[in-house]
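Report on the following structure.
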Number of protein chains: 2
Amino acid sequence: MLRLSKLTDYAVVVLTRLEEAEEGGVLTAPGLAAATGLGEPTVSKVLKILSHAGLVEGRRGALGGYRLTRPLAAMPLTDVIAAIDGPIALTACVDNSIGVCDAEATCPVRGRWDPVNDAIRRALSGISIADLAGAPQRAALAAE
Amino acid sequence: MLRLSKLTDYAVVVLTRLEEAEEGGVLTAPGLAAATGLGEPTVSKVLKILSHAGLVEGRRGALGGYRLTRPLAAMPLTDVIAAIDGPIALTACVDNSIGVCDAEATCPVRGRWDPVNDAIRRALSGISIADLAGAPQRAALAAE
DNA sequence: TGAAAACAGTACCTGAATGGTCCTGATTGC
DNA sequence: GCAATCAGGACCATTCAGGTACTGTTTTCA
Ligand code: FES
Ligand code: FES
């Protein structure tokens, strides 16, 4: 179904909530879980991944929590997808993956998916998380 | 990984081979399997799906086989994806799917993925199978 | 008329990947 | 020192795609 993982959706939700934090203030994982209605472990997992990708910053300790490193408007959707779902590549039979496919020798589309990947990547990079959060200012305009 | 199913890749391969058939001539599923190097049951399955979607036409009988209903240049990639992977929708939390998600009430991106879906759909609809087969004439230009 | 070839449809099985949970450690503040 | 929180990893269950097999129907040829 060309679906991306549900965690990516959760990530967008969490990021949107994080935007509402005070300047310099942090939100805790349990707090975000309560605010979003998602499970605490799941939210924690998402935040860890995002932290690893540099999209959020975790502060430990008693008064710890998570904080956005950049405003959502400057955070393209591709970053979130790449952080959770991995690099954007439609098929396994792309560029360097040799040996995974049996039909490499006679395959006529060997490496031909690259333009498709680029097209999608480009379409997605024009959309920021802020566009999904509630301000569809330039969403869907990237492909025009 | 934002991957689409491997069957879609196979479909493109098979369709490309089908293009090489004689005018009015048909290619059999076993023949295509041998030409592509894929398993016969798998090729058969792909062809059945494509036939069901109207992209190819199957002729039964001893001299039966499959035939393209349209030239590859007039076959957008979205048709193939929609035929095999189903409709293009990034997440399950889109439009009408109610009840699948727990955070519907507080979810700020509820239904916000639609512009993303449109963007991808638009980027993909500009690419035909012929573009992937070996003539990247306007591939990747759809997003510009 | 019979047999063979090929598509059509369905049903089942297996494997991998996602989604989700939990546990243990490191760090910070009170 | 204690509590709270993040960090990291391991673990299990579920789901779904991928693949296979079977049966039925249609057409051609001997
Ligand atoms: S290389 Fe895998 S199907 Fe083309
Ligand atoms: S409705 Fe499911 S996460 Fe938003």
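Residue numbers start from 1 in every chain, and the chains themselves are labelled A, B, ... in the order their sequence lines are given, proteins ahead of strands.
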Atom-to-atom span, [atom1] of [X] to [atom2] of [N] - whole angstrom:
| X | N | atom1 | atom2 | result |
| --- | --- | --- | --- | --- |
| B:L32 | C:dC7 | CG | C1' | 13 Å |
| B:Y10 | D:dG18 | OH | C1' | 8 Å |
| B:L38 | D:dG19 | CG | P | 9 Å |
| A:R60 | D:dA3 | CZ | C1' | 16 Å |
| B:I84 | D:dC16 | CD1 | C1' | 16 Å |
| B:D85 | D:dC16 | CG | C1' | 12 Å |
| A:L47 | C:dG20 | CG | P | 15 Å |
| B:R67 | C:dA6 | CZ | P | 18 Å |

Can you tell if the side chain of [X] reaches within under 4.5 Å of the side chain of [Y], non-hydrogen atoms only?
| X | Y | result |
| --- | --- | --- |
| B:L132 | A:W113 | yes |
| B:Y66 | B:L47 | yes |
| B:P30 | B:E40 | yes |

Can you list, in residue-number order, the parts of residues 48-56 of chain B that come under 4.0 Å of DNA chain C, counting heavy atoms only? B:K48, B:S51
Enter the distance from A:S128:OG to A:L72:CG here, rounded to the nearest 0.5 Å. 7.5 Å
The reported gap from OG1 in A:T78 to CG in A:D85 (rounded to nearest 0.5 angstrom) is 12.0 Å
Does B:T42 place a side-chain N or O at less than 4.0 Å from the phosphate oxygens OP1/OP2 of D:dT20? yes
For a quick test of reading the model: is some side-chain N or O of B:S5 closer than 4.0 Å to OP1 or OP2 of D:dG18? yes
Give B:L7 one of three labels, base, sugar-phosphate or nothing, depending on what nucleic acid heavy atoms sit under 4.0 Å from its own. sugar-phosphate
Which is true for A:G65 with a 4.0 Å heavy-atom rule: it touches a base, it touches only sugar-phosphate, or it touches nothing? sugar-phosphate
Residues A:Y10, A:V43; criterion side-chain contact (heavy atoms from CB on, under 4.5 Å); working and verdict: CA-CA 8 Å; A:Y10 294 161; A:V43 172; over 6 Å; no
Out of [options], which nucleotide sits closest to the side chain of [X]?
| X | options | answer |
| --- | --- | --- |
| A:Y66 | C:dG19, D:dT28, D:dA7 | D:dA7 |
| B:P30 | C:dC7, D:dG18, D:dC6 | C:dC7 |
| A:L63 | C:dG19, C:dC30, D:dC6 | C:dC30 |
| B:T28 | C:dA6, C:dT21, C:dG20 | C:dA6 |

Tell me whether B:V26 is reachable from B:L68 by hopping between hydrophobic residues (I, L, V, M, F, W, Y) whose side-chain heavy atoms are closer than 4.5 Å. no
B:L7 and side chain to side chain contact (heavy atoms under 4.5 Å, CB included): which partner among B:V80, B:V14, B:V12, B:V46? B:V46
Given B:I84, which of B:L55, B:I49, B:L4, B:D9 fulfils the side chain to side chain contact (heavy atoms under 4.5 Å, CB included) condition? B:I49
Angle of first-five versus last-five pair axes in the helix from C:dT1-D:dA30 to C:dC30-D:dG1, to 10 degrees: 10°
Residue whose closest nucleotide on DNA chain D lies nearer the 5' end, A:R59 versus A:K45: A:R59
Salt bridge (charged side-chain N to carboxylate O under 4.0 Å, His left out) with A:R67: of A:E20, A:E19, A:E57, only one passes, and it is A:E57
